[in-house]
Amino acid sequence: ELAAIVIESMAQLNQAPSELMVTYGAHAATDITGYGLLGHAYEMAAASQVSIRIFSKTLPLLPQALELAAKKMIPGGANDNREFLVGHVKVTASIDPNLEVVLYDPQTSGGLFIAMSPQRADEFQQELKRHHLPDQPVGQVERPGEVELIVE
């Protein structure tokens with residue numbers, strides 16, 4: 001059952017959200033692939049000279065992702081991603097260590113990480129909802145800080 005859910009998720013194309021993000025004036029976007037969520041978020045933050053605060057409570061996770069991380073079912077690429085980002089990520093103490101592992105997990109077919117002005121974000125969120133796509137904001141752009149990424 002889990003395999004079917006994961007395969008369905010990976011088979012979803014990013015066509016609809018990518019077209020919608022253009023319509024609503026996205027500033028930047030990337031697909032989440034081999035560098036994991038944090039790796040791709042870092043690339044966007046560093047290139048834009050900003051910090052990005054990631055809201056762990058609104059991240060869309062596949063079922064059992066945390067349980068599998070707890071069982072140490074972690075691809076080696078996750079450790080490579082973590083090592084690459086040393087000094088660029090601050091994770092608050094309240095974050096589940098298993099979630100932290102998942103944030104570094106290299107994906108083969110993830111969703112999109114999109115930066116958009118707050119003025120258009122609500123409209124964009126409603127349009128995503130109408131298309132039955134993940135619609136929760138997962139972070140916010142901030143002035144540059146001591147690190148590029150803050151996970152809370």
Side-chain angles (χ1 to χ4, degrees), residues 1-24 26-46 51-86 88-116 118 120-142 147-152:
E1 184 178 315
L2 178 59
I5 292 169
V6 171
I7 290 167
E8 181 181 339
S9 172
M10 289 190 298
Q12 281 187 340
L13 298 178
N14 287 324
Q15 182 176 350
S18 66
E19 290 171 354
L20 291 171
M21 75 178 192
V22 170
T23 300
Y24 287 91
H27 294 257
T30 183
D31 60 335
I32 307 302
T33 56
Y35 297 116
L37 173 65
L38 294 183
H40 288 286
Y42 166 73
E43 288 178 327
M44 285 177 58
S51 289
I52 297 176
R53 184 171 302 273
I54 304 290
F55 307 141
S56 64
K57 299 220 184 311
T58 60
L59 291 171
L61 299 177
L62 289 169
Q64 299 180 30
L66 298 177
E67 292 88 346
L68 292 169
K71 293 179 181 177
K72 307 295 184 215
M73 296 186 73
I74 304 162
N79 297 324
D80 295 340
N81 289 342
R82 179 191 294 268
E83 187 176 312
F84 175 75
L85 292 170
V86 168
H88 300 287
V89 179
K90 178 182 176 187
V91 178
T92 60
S94 62
I95 298 299
D96 179 340
N98 296 314
L99 176 60
E100 186 176 353
V101 168
V102 169
L103 295 176
Y104 289 103
D105 185 42
Q107 300 297 308
T108 57
S109 183
L112 297 176
F113 189 70
I114 302 167
M116 180 171 296
R120 300 296 308 269
D122 288 338
E123 296 173 83
F124 180 61
Q125 184 179 0
Q126 293 306 314
E127 193 66 27
L128 290 171
K129 193 173 289 197
R130 280 192 282 282
H131 284 81
H132 306 287
L133 296 167
D135 61 81
Q136 288 295 342
V138 298
Q140 71 183 27
V141 176
E142 301 179 350
V147 294
E148 289 82 1
L149 301 175
I150 304 103
V151 181
E152 62 178 26

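- Taking all atoms of both residues into account, the shortest heavy-atom contact from Leu112 to Ser18 is CD1-N, 3.8 Å.
- Classification of the Phe84-Tyr42 ring pair by plane angle, with boundaries at 30° and 60°, yields perpendicular.
- Closest non-hydrogen pair, Pro106 versus Ala78, comes out as CD-N, 3.4 Å.
- A distance of 6.5 Å separates CD1 in Ile114 from CG in Leu128, rounded to the nearest 0.5 Å.
- Taking OH from Tyr104 and CG from Leu38, the interatomic distance works out to 5.5 Å, rounded to the nearest 0.5 Å.
- Pairing each heavy atom of Met44 with each of Thr30, the nearest pair is SD-CG2, 3.6 Å.
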Which pairs would a plain distance check flag for residues 62-71, meaning a side-chain donor or acceptor within less than 3.5 Å of a matching protein atom at least two apart in sequence or in another chain?
none

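- A distance of 11.5 Å separates CG of Leu20 from CG of Asn14, quoted to the nearest 0.5 Å.
- Interatomic distance, Asp105 CG to Ile32 CD1, rounded to the nearest 0.5 Å: 11.5 Å.
- A 6.0 Å sphere centred on CD of Gln126 holds more than 12 heavy atoms belonging to other residues, nucleotides or ligands.
- The heavy-atom pair separating Phe55 from Pro137 by the smallest distance is CD1-O, 4.1 Å.
- Formation of a donor-acceptor pair under 3.5 Å by the Ser51 side chain with backbone atoms of Glu142 is not found in this model.
- Of all the heavy atoms in Val138 and Thr58, the pair that sits closest is CA-OG1, 3.5 Å.
- The shortest distance between side-chain heavy atoms of Pro60 and Gln136 does not fall below 4.5 Å.
- The side-chain hydrogen bond (donor to acceptor under 3.5 Å, both in side chains) test with Glu152 is passed by exactly one of Lys57, Arg53, Lys90: Arg53.
- Here OH of Tyr24 is found 11.5 Å from CG of Asp122. Values are rounded to the nearest 0.5 Å.
- Leu37 CG to Asn81 CG: the interatomic distance, rounded to the nearest 0.5 Å, is 10.5 Å.
- Tyr35 pairs by the ring-ring contact (aromatic ring centres under 6.0 Å, His included) definition with His40, not counting sequence neighbours.
- Val151 pairs in a side-chain contact (heavy atoms from CB on, under 4.5 Å) with only one of the listed residues (Ile52, Leu99, Ile95, Leu59), which is Ile95.
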